[in-house]
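Before any comments, here is the structure.
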Protein chains: 2
Amino acid sequence: MAEKLEIPKGYRHTKQRKAILEILEKAEFPIHAEDIYLKLKENGMDISLSTIYRNLDMLTKEGLVVKSYMLGEDKARFALPDKKNYLVCEKCGKIVIIDNCPFDKFKEELVEVHGFDITGHSVEVYGVCPECKKTNVG
Amino acid sequence: MAEKLEIPKGYRHTKQRKAILEILEKAEFPIHAEDIYLKLKENGMDISLSTIYRNLDMLTKEGLVVKSYMLGEDKARFALPDKKNYLVCEKCGKIVIIDNCPFDKFKEELVEVHGFDITGHSVEVYGVCPECKKTNVG
DNA sequence: ATAGTTTTTGCAAATTATTTGCATTTGAAT
DNA sequence: ATTCAAATGCAAATAATTTGCAAAAACTAT
Ligand SMILES: [Mn+2]
Ligand SMILES: [Mn+2]
Ligand SMILES: [Zn+2]
Ligand SMILES: [Zn+2]
């Protein structure tokens, strides 16, 4: 089911670029530029943070990647588009992807009401995860 | 229908704080800290940007205000909670609030599937507004 | 109203994520 | 292999936001 992720036409296949995309593919939810930096460093790769930012930028502009900010955070996260709708636990920060985003069903309604052509959306839902409900009782 | 907006218990009623809240009440959609600064300056008020940031911070922590980042932007916006679900036009930047957010209907579904207690959500939908559809044809 | 106490403000300096300039390296095409 | 534009790394620059601290304003209790 995983869509084949290709470097956009016209851009070069550098090892840095490919490595960044691999990390994004493996990620389960939106991550920080620095997370990519650290994971690549773990993997023994020496890469510059600015290279990561520059690539995330171009991937975002090309529509391959989605940039977002999580509740209460002040630094951007990046993810493949299928990971952009999620639940966040306010207590522990756990993130769970919403697979079949129910919002899709409402596109028509929004189109009718507001007349927009809708090209995308992103949904952040926050609350308390099952584990934290048990633990943090009082 | 407009909820009465009160400065939280324990905080002082300063003219800066009240002025910031007024601007947020009048705003039709999420705005930048600096927008508040400029509007107050227009109104003849001399206020410090850091005062604005500090107040937005506390109002956000107290739950009176919601902080968000719009697609492609790199600075935070602030709004009263009833203005946090919106449509944005990718061409002209127009923002339209989604009044009866259809997402509410899916809380139950999400609760059942993921077991989260849901406390809130924010939805950003992007697309092209009616005007831009006409204008930017080719 | 006055005086005492605590919060809030303003300003300047600090911080932090992100961006940019530029010399060097690399990918891809011939 | 040669060529040339695109991409990288590093250091320096930006820009939004935060913070320290002394002065001012809001409350409280006289
Ligand atoms: Mn991180
Ligand atoms: Mn603005
Ligand atoms: Zn949790
Ligand atoms: Zn428009």
Side-chain angles (χ1 to χ4, degrees), chain A residues 5-24 30-62 64-79 93, chain B residues 5-24 30-62 64-79 93:
Chain A
L5 201 44
E6 287 299 336
I7 291 172
K9 185 74 182 161
Y11 294 95
R12 294 182 176 175
H13 293 235
T14 67
K15 71 171 189 298
Q16 292 89 336
R17 189 159 285 161
K18 285 182 283 187
I20 292 169
L21 279 173
E22 265 179 46
I23 298 291
L24 287 168
I31 56 181
H32 300 129
E34 196 180 12
D35 296 334
I36 297 177
Y37 177 74
L38 293 173
K39 288 187 189 190
L40 288 177
K41 186 156 268 184
E42 278 177 25
N43 297 6
M45 177 176 226
D46 203 2
I47 188 176
S48 160
L49 241 189
S50 35
T51 295
I52 294 177
Y53 275 112
R54 272 192 277 235
N55 273 291
L56 290 172
D57 231 56
M58 93 79 166
L59 292 167
T60 300
K61 278 172 189 142
E62 294 294 336
L64 273 150
V65 163
V66 178
K67 181 178 179 179
S68 65
Y69 285 84
M70 273 188 34
L71 188 68
E73 281 190 355
D74 49 348
K75 42 187 173 180
R77 289 180 178 256
F78 300 86
Chain B
L5 202 42
E6 287 300 334
I7 290 172
K9 184 74 182 162
Y11 295 95
R12 294 181 177 179
H13 293 236
T14 67
K15 69 172 191 296
Q16 292 88 336
R17 189 160 284 160
K18 286 182 282 185
I20 293 168
L21 279 173
E22 266 179 45
I23 298 291
L24 288 169
I31 56 180
H32 299 129
E34 195 181 11
D35 296 333
I36 298 177
Y37 177 73
L38 294 173
K39 287 184 192 194
L40 288 178
K41 186 155 271 186
E42 278 176 26
N43 297 7
M45 177 175 225
D46 202 2
I47 189 176
S48 159
L49 242 189
S50 35
T51 295
I52 295 178
Y53 275 112
R54 272 191 280 234
N55 274 291
L56 290 172
D57 232 56
M58 92 80 166
L59 292 168
T60 300
K61 277 170 189 142
E62 294 293 338
L64 273 150
V65 163
V66 178
K67 180 178 178 179
S68 66
Y69 285 85
M70 273 188 33
L71 187 69
E73 283 189 354
D74 48 349
K75 43 186 172 180
R77 288 180 179 256
F78 301 84

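Atom set for the values below is all heavy atoms of this structure, side chains included, hydrogens, waters and symmetry mates excluded. Since this is a predicted model, take the numbers as computed values, not measurements.
- Residue A:Glu62 contributes atom CD, which lies 14 Å from atom C1' of D:dA6 at whole-angstrom precision.
- Comparing A:Arg17 and B:Asp57, the nucleotide of DNA chain D nearest to each residue sits closer to the 5' end for A:Arg17.
- The CG atom of B:Asn55 sits 15 Å away from the P atom of C:dT7 (whole-angstrom rounding).
- The CG atom of B:Leu56 sits 15 Å away from the C1' atom of C:dT9 (whole-angstrom rounding).
- Sorted by first then second residue, the side chain to side chain donor-acceptor pair (under 3.5 Å) pairs that include residues 14-24 of chain B, not counting sequence neighbours, are B:Arg17-B:Asn55.
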So what does the secondary structure string of DNA chain C come out as, 5' to 3', with Watson-Crick or wobble pairs under 3.5 angstrom, [ ] for crossing and | for pairs with another strand? ||||||||||||||||||||||||||||||

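- Taking the nucleotide of DNA chain D with the nearest heavy atom to each of A:Leu49 and B:Ala76, the more 5' of the two is matched to A:Leu49.
- The side-chain contact (heavy atoms from CB on, under 4.5 Å) test applied to A:Leu71 returns A:Glu90, A:Glu124, A:Tyr126, not counting sequence neighbours.
- Remark: B:Thr60 pairs with no residue by the side chain to side chain donor-acceptor pair (under 3.5 Å) rule, at least two apart or across chains.
- Inter-residue side-chain proximity for A:Ile31 and A:Ile23 is flagged as met; some heavy-atom pair is nearer than 4.5 Å.
- Within residues 33-47 of chain B, no residue has any heavy atom under 4.0 Å from DNA chain D.
- One atom, NZ of B:Lys67, and another, P of D:dA16, lie 14 Å apart when rounded to the nearest Å.
- Remark: A:Arg54 engages no residue in a salt bridge (charged side-chain N to carboxylate O under 4.0 Å, His left out) (not counting sequence neighbours).
- Checked against C:dT9, D:dA16, C:dT18, the side chain of B:Lys75 finds its nearest nucleotide in D:dA16.
- Applying the side chain to side chain donor-acceptor pair (under 3.5 Å) criterion to B:Asp35, with sequence neighbours excluded, gives B:His32.
- Look at CD1 on B:Ile52: it is 14 Å from P on D:dA16, rounded to the nearest Å.
- When the C1' atom of D:dA15 is taken as reference, atom NE2 of B:His32 falls 13 Å away, rounded to whole Å.
- Listed by chain and residue number, A:Arg77 satisfy the salt bridge (charged side-chain N to carboxylate O under 4.0 Å, His left out) test with A:Glu73 (two or more places apart in sequence, or in another chain).
- For A:Tyr53, there are no ring-ring contact (aromatic ring centres under 6.0 Å, His included) partners at least two apart in sequence or on another chain.
- Residues satisfying the salt bridge (charged side-chain N to carboxylate O under 4.0 Å, His left out) test with B:Asp57, not counting sequence neighbours, are B:Lys61.
- When the P atom of C:dT16 is taken as reference, atom OH of A:Tyr69 falls 16 Å away, rounded to whole Å.
- For the pair A:Asp74 CG and D:dT18 P, the interatomic distance rounds to 7 Å; values are reported in whole Å.
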Side-chain donor-acceptor pairs under 3.5 Å in residues 37-46 of chain A, sequence neighbours left out?
unit_1, atom_1, unit_2, atom_2, d
A:Tyr37, OH, A:Lys41, NZ, 2.9

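- For the pair B:Ile47 and B:Ile20, the minimum side-chain heavy-atom distance is below 4.5 Å.
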What string of B, S and - do you get for nucleotides 19-30 of chain D, 5' to 3', if B is base contact, S is sugar-phosphate-only contact and - is no contact with any protein heavy atom under 4.0 Å? BB----BBS---

